[in-house]
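Notes follow the structure.
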Amino acid sequence: MAFNITARASSSTANLGPGFDVFGLALDAFFDEVTLTKKKQGIKIITSDLVPTDPQKNTAGLVVQHMMKKFKIKSGIEIKIRKGVPAGFGMGSSAASAAAAAVAFNELFKLNLDANTLVECAGVGEMASAGSIHYDNVSASVLGGFVIVRTNPLDVIKIAPPSDLRLCVAVPKLDVPPKKTEVSRSVIPKNIALADSIVNLSNAATIVVGFMQKDSNLIGTSIRDIIVEPARQHLIPGFAAVKKNALRAGALGVTISGAGPSVIAFATKKSNLQKIANSMKHSFASAKIDSTVVICKPSNGAKLKKQYD
Ligand code: HSE
């Protein structure tokens, strides 16, 4: 039996506009890598990145603790984390570490878990960063592609994205508050008008059809959210201009990536992706905010090192 296992999981974008807490899309923009090594006792986290090393406060640490308890495993474990996904920017950073940890644990102890169980275990890690468990990012990082999450009971559906779907993600260099996701969830209205939910539902349904029919135009033009985005956009200086100019540059749809503050533009292989990316960077710069813009595409799910080396 193996003594240590390494797994890698990608960044992701949650919501895709109207699919709040339901839709996720794995993106090959950034990756986290987690190595689990069996030890005599205890859980120890090793990393040179700016993440907590207390297992109770660390995403991967919580996942490992949960899985040890759930599957009655008695062992010590060392967790080595290499972060590639920027933390706190709405790119599914905690989910990527959680997904890599769950997939590595599954292999290390030969648990042979199904997809829903892996997602459930990885979701526990979201407690560390978001203060609540939501499965949109972790489902995307575990399974790859486009995912739809149903809860009670947890059930995740994956659809392979169209091969020509491309995205531009602008990650603004903002000081994000420590409990950013909690903050950005607190501004969402508790009650919404039926008319607004109809608009969002129609767009969400069309996004699903777009993925099923492999129609990137249908997906992109349905990235319209009139409930959550308007409530959150004030948390992202320059958002309105970034969106307007990316659309002018040819993006099909633009919205907040997950809980923000990154902004994501949907396009196709045929779009002028560099023009869209430049327009996003310049628009943030006009608001006196530096940003990193990455052109990316949907990615596969978490992989063991032997599968991606
Ligand atoms: N769906 C969640 C939100 C994602 O928008 O709050 C958080 O990463």
Side-chain angles (χ1 to χ4, degrees), residues 9-27 29-30 32 51 58-60 62-63 83 85-100 102 119-120 122-143 146-152 154 156-157 167 169-172 174 176-190 192 196-197 200-201 203-204 207-208 223-236 239 243 253-264 266 299:
S10 78
S11 49
S12 58
T13 187
N15 305 337
L16 289 84
F20 181 72
D21 278 0
V22 174
F23 291 168
L25 179 65
L27 298 175
F30 309 102
D32 278 6
V51 290
N58 180 286
T59 305
L62 281 175
V63 173
K83 295 290 303 171
V85 187
F89 288 88
M91 295 305 300
S93 176
S94 56
S97 291
V119 168
E120 182 270 314
V124 173
E126 289 290 34
M127 274 307 278
S129 65
S132 59
I133 300 184
H134 47 90
Y135 295 95
D136 40 12
N137 289 108
V138 283
S139 302
S141 280
V142 169
L143 300 178
F146 173 68
V147 292
I148 303 168
V149 180
R150 295 194 298 169
T151 45
N152 295 325
L154 180 66
V156 184
I157 296 163
L167 306 105
V169 182
V171 185
L174 291 170
V176 286
K179 300 256 175 199
K180 179 223 66 183
T181 302
E182 271 184 72
V183 173
S184 62
R185 290 175 86 82
S186 71
V187 301
I188 300 167
K190 299 279 173 289
I192 52 169
D196 290 350
S197 84
N200 268 31
L201 182 58
N203 282 305
I207 288 173
V208 174
I223 303 294
R224 287 193 200 151
D225 163 26
I226 65 164
I227 298 170
V228 179
E229 182 186 300
R232 280 181 166 172
Q233 63 177 26
H234 69 279
L235 300 171
I236 309 169
F239 174 80
K243 178 171 176 169
V254 179
T255 191
I256 300 168
S257 181
S262 296
V263 179
I264 185 157
F266 287 70
S299 70

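Scope of the values below: all heavy atoms of this structure, side chains included, with no hydrogens, waters or symmetry mates. Since we're looking at a predicted model, the values are computed, not measured. Order of listing sets the numbers, starting from 1, for every ligand and every atom in it.
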Enumerated ligand 1 atoms positioned under 4.0 Å from heavy atoms of [X]:
{"X": "G258", "answer": "5 (O)"}
{"X": "D21", "answer": "1 (N), 2 (C), 3 (C)"}
{"X": "F20", "answer": "3 (C), 5 (O), 6 (O)"}

| query | Considering residues at least two apart in sequence or located in another chain, which fulfil the side chain to side chain donor-acceptor pair (under 3.5 Å) criterion with S93? | reply | K83

| Can K243 and E229 be counted as an ion pair, charged N to O under 4.0 angstrom? |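 Salt bridge: yes.
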
| message | Given 3.5 Å as the limit, does a donor-acceptor pair link the side chain of S12 with the main chain of A26, or not? | response |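 No, because the side chain of S12 does not come within donor-acceptor range (under 3.5 Å) of the backbone of A26.
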
| message | Measuring only between side-chain heavy atoms, which start at C-beta, is V156 closer than 4.5 Å to L143? | response |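 A side-chain contact exists here, since the closest heavy-atom pair is under 4.5 Å.
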
| Does ligand 1 have any atom sitting under 4.0 Å from a heavy atom of R232? |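 R232: in contact with ligand 1 (<4.0 Å).
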
| Heavy atoms only: which of K180, E182, H134 is nearest to atom 7 (C) of ligand 1? |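 Nearest option to atom 7 (C) of ligand 1, by heavy atoms: H134.
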
| said: Please evaluate residues I227 and F20 with respect to the criterion side chain to side chain contact (heavy atoms under 4.5 Å, CB included), reporting the C-alpha separation (whole Å), side-chain torsions for both, the decisive distance (0.1 Å), and the verdict. | reply: CA-CA 9 Å; I227 298 170; F20 181 72; over 6 Å; no

| query | With only distance considered, is T181 within less than 3.5 Å of ligand 1 through an N or O on each side? | reply |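 No: no nitrogen or oxygen of T181 is under 3.5 Å from one in ligand 1.
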
| message | If you compare all heavy atoms of A87 against all heavy atoms of V176, which two are closest, and at what distance to 0.1 Å? | response |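 Nearest pair, atom of A87 first, then V176: O-CG2, 4.5 Å.
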
| query | Is it the side chain (CB and beyond), the backbone, both or neither of N15 that lies under 4.0 Å from ligand 1, heavy atoms counted? | reply |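 Side chain only; the backbone of N15 stays clear of ligand 1.
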
